K.L.:
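Okay, here's the structure, questions in a sec.
Because the structure is a prediction, the values reported are computed rather than measured.
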Amino acid sequence: MEPVRRKALVDAALRVIGDHGSLAVTMSDIARQAGVSPALAHHYFGSKEQLLIETIRSLLRQLRSDTVAALKAARTPRARLSAVIRVSFHADQFAPETIAAWLAFYAEAQRSEETRRFLVIYARRLRSNLLADLKVLLPADAAERIAEGAAAMIDGLYIRQSLKSAPIGIEASIALTEDYLNALLATASPSPRSERGRPHRTTQGQMT
């Protein structure tokens, strides 16, 4: 039962953080949402801080798993770029409580070095996934510039989704990011690697 209860507590933490819009929640709040006693929650995680760290680990693991699966299904560098974009706006990632939790963790990263470290892992992973296939299509300097821009656009559109008065839906977010990528790919010189048609394979870093 331990893995089941640990997952139930992580899921409950995500919902409670989403409802509160911050990490200012108690272990009792989370335990109540999970339908267990606060003592059992402390037994499995030791402290609220450890449970919150496991919650952000869980978000990163799910995002990584979805990305790996999407990249394996894509057959060309351009298709892999689209896969990364689509996974970033996946329905699970766009759930209101998930968006609220990500924003709460970003706020916490101003105070917590460990939380900041996990968010740096996310940012590096997104940039790496974009850059790997852009380098097949473009010279290195153009690939790096476009990867930074696309990653910033993905993050910006995701944050905009949290504005209840002006949300941008999944398909609209994907279309805007694809338009940005297509416009820059059309104006940039192709990479010599792309012209030679050398095979390329994208891999993703291991979870810390």
Side-chain angles (χ1 to χ4, degrees), residues 1-73 83-84 86-126 154-155 157-171 173-174 204-208:
M1 289 298 295
E2 180 175 348
V4 174
R5 284 178 173 165
R6 286 176 66 89
K7 185 179 186 306
L9 283 163
V10 168
D11 291 344
L14 187 61
R15 290 192 296 273
V16 172
I17 293 167
D19 289 342
H20 282 71
S22 77
L23 301 187
V25 299
T26 67
M27 199 66 133
S28 294
D29 294 330
I30 297 169
R32 189 181 308 112
Q33 178 70 46
V36 302
S37 69
L40 190 63
H42 279 286
H43 170 72
Y44 285 128
F45 289 100
S47 68
K48 185 189 82 169
E49 289 69 27
Q50 289 305 308
L51 175 52
L52 295 180
I53 289 299
E54 181 56 30
T55 302
I56 194 171
R57 280 181 183 272
S58 177
L59 287 172
L60 285 169
R61 278 196 298 265
Q62 185 60 55
L63 185 57
R64 179 181 181 276
S65 175
D66 291 343
T67 302
V68 169
L71 288 173
K72 284 181 178 178
V84 172
R86 183 163 288 277
V87 165
S88 298
F89 299 112
H90 192 274
D92 289 345
Q93 292 294 324
F94 250 47
E97 65 271 16
T98 304
I99 292 173
W102 274 112
L103 293 179
F105 282 120
Y106 269 104
E108 180 65 14
Q110 307 307 307
R111 298 179 291 274
S112 167
E113 183 62 34
E114 192 165 14
T115 302
R116 185 182 302 114
R117 183 172 67 87
F118 282 116
L119 293 176
V120 168
I121 288 171
Y122 155 74
R124 287 176 176 171
R125 194 176 284 170
L126 175 58
I154 288 169
D155 287 342
L157 287 168
Y158 192 84
I159 291 171
R160 282 283 297 275
Q161 181 64 16
S162 68
L163 304 176
K164 301 294 192 296
S165 60
I168 299 176
I170 292 174
E171 293 304 324
S173 296
I174 292 170
Q204 191 176 48
Q206 292 297 314
M207 176 71 194
T208 299

K.L.:
Carefully, step by step, assess F45 and L52 under the rule side chain to side chain contact (heavy atoms under 4.5 Å, CB included).
P.N.:
CA-CA 9 Å; F45 289 100; L52 295 180; over 6 Å; no
K.L.:
My understanding is that only residues two or more places apart in sequence, or in another chain, count here; which of them pass side-chain contact (heavy atoms from CB on, under 4.5 Å) with E113?
P.N.:
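With neighbours one apart ignored, the set is R116.
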K.L.:
Going through the distances and angles, do Y106 and D155 end up as a side-chain hydrogen bond (donor to acceptor under 3.5 Å, both in side chains)?
P.N.:
CA-CA 12 Å; Y106 269 104; D155 287 342; 4.6 Å; no
K.L.:
Determine, step by step, whether T98 and D92 satisfy the side chain to side chain contact (heavy atoms under 4.5 Å, CB included) criterion, reporting the C-alpha distance in whole Å, the side-chain angles of both residues, the deciding distance to 0.1 Å, and the verdict.
P.N.:
CA-CA 8 Å; T98 304; D92 289 345; over 6 Å; no
K.L.:
If you look at every heavy atom in T55 and V10, which pair is closest and at what distance?
P.N.:
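Heavy-atom minimum between the residues: CA-CG1, 3.9 Å.
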K.L.:
Closest approach of A41 and A31, non-hydrogen atoms and distance?
P.N.:
CB-CB, 4.3 Å
K.L.:
Which residue pairs pass the salt bridge (charged side-chain N to carboxylate O under 4.0 Å, His left out) test with at least one member in residues 39-56, sequence neighbours excluded?
P.N.:
E54-R61
K.L.:
Restricting to side-chain contact (heavy atoms from CB on, under 4.5 Å), what partner residues turn up for Q33, sequence neighbours left out?
P.N.:
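In terms of side-chain contact (heavy atoms from CB on, under 4.5 Å), with neighbours along the sequence ignored, Q33 is linked to A12, R15, V16.
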K.L.:
Distance check, rounded to the nearest 0.5 Å: L60 atom CG versus W102 atom CH2?
P.N.:
4.5 Å
K.L.:
Find the distance between NE2 (H42) and CE (M27) and round it off to the nearest 0.5 Å.
P.N.:
4.5 Å
K.L.:
Nearest 0.5 angstrom please: L63 CG to H90 NE2, how far?
P.N.:
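Nearest 0.5 Å value for the CG-NE2 distance: 10.0 Å.
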K.L.:
By side chain to side chain donor-acceptor pair (under 3.5 Å), which residues pair with D11, not counting sequence neighbours?
P.N.:
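Expected list: K7.
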K.L.:
Who pairs with T115 by side-chain contact (heavy atoms from CB on, under 4.5 Å), at least two apart in sequence or on another chain?
P.N.:
I53, I56, F105, E108, A109, S112, L119
K.L.:
Mind checking whether R86 and E171 have side chains closer than 4.5 Å, heavy atoms only?
P.N.:
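Contact flag for R86/E171 side chains = yes.
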K.L.:
Considering only residues two or more places apart or on different chains, which pairs with a residue in residues 94-103 satisfy salt bridge (charged side-chain N to carboxylate O under 4.0 Å, His left out)?
P.N.:
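Every pair satisfying salt bridge (charged side-chain N to carboxylate O under 4.0 Å, His left out) with a residue in residues 94-103: there are none.
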K.L.:
Restricting to non-hydrogen atoms, name the atom on L157 and the atom on S173 that form the minimum distance, rounded to 0.1 Å.
P.N.:
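Where L157 meets S173 most closely, the heavy atoms are CD1-O, 3.6 Å.
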K.L.:
Scan for salt bridge (charged side-chain N to carboxylate O under 4.0 Å, His left out) pairs involving residues 20-35, sequence neighbours excluded, and state none if there are none.
P.N.:
D29-R32
K.L.:
Considering residues at least two apart in sequence or located in another chain, which fulfil the side chain to side chain donor-acceptor pair (under 3.5 Å) criterion with Y44?
P.N.:
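Applying side chain to side chain donor-acceptor pair (under 3.5 Å) to Y44 gives none.
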K.L.:
Nearest 0.5 Å please: distance from the CG atom of L14 over to the CG atom of L59.
P.N.:
5.5 Å
K.L.:
Please list, chain by chain and in numerical order, all residues satisfying side chain to side chain donor-acceptor pair (under 3.5 Å) with Q50, sequence neighbours excluded.
P.N.:
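Testing Q50 for side chain to side chain donor-acceptor pair (under 3.5 Å), a comparison that skips the adjacent residues, returns none.
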K.L.:
Kindly give the heavy-atom pair with the smallest separation between V87 and A70, and that separation in Å.
P.N.:
CG2-CB, 3.5 Å
K.L.:
State which residues pass ring-ring contact (aromatic ring centres under 6.0 Å, His included) with F94; sequence neighbours excluded, sorted by chain then number.
P.N.:
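Here the qualifying residues are F89, Y158.
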K.L.:
In chain order, what residues pass the side-chain contact (heavy atoms from CB on, under 4.5 Å) check against A100, with sequence neighbours excluded?
P.N.:
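Checked A100 against side-chain contact (heavy atoms from CB on, under 4.5 Å); zero matches.
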K.L.:
When you measure from the side chain of H20 to the backbone N and O of S22, does any donor-acceptor pair fall under 3.5 Å?
P.N.:
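Not a single qualifying donor-acceptor pair exists.
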K.L.:
Can you tell me how far the CG atom of L126 sits from the OG1 atom of T67, to the nearest 0.5 Å?
P.N.:
8.5 Å
K.L.:
Applying salt bridge (Lys or Arg N to Asp or Glu O under 4.0 Å), name anything that partners R6, two or more places apart in sequence or on another chain.
P.N.:
none
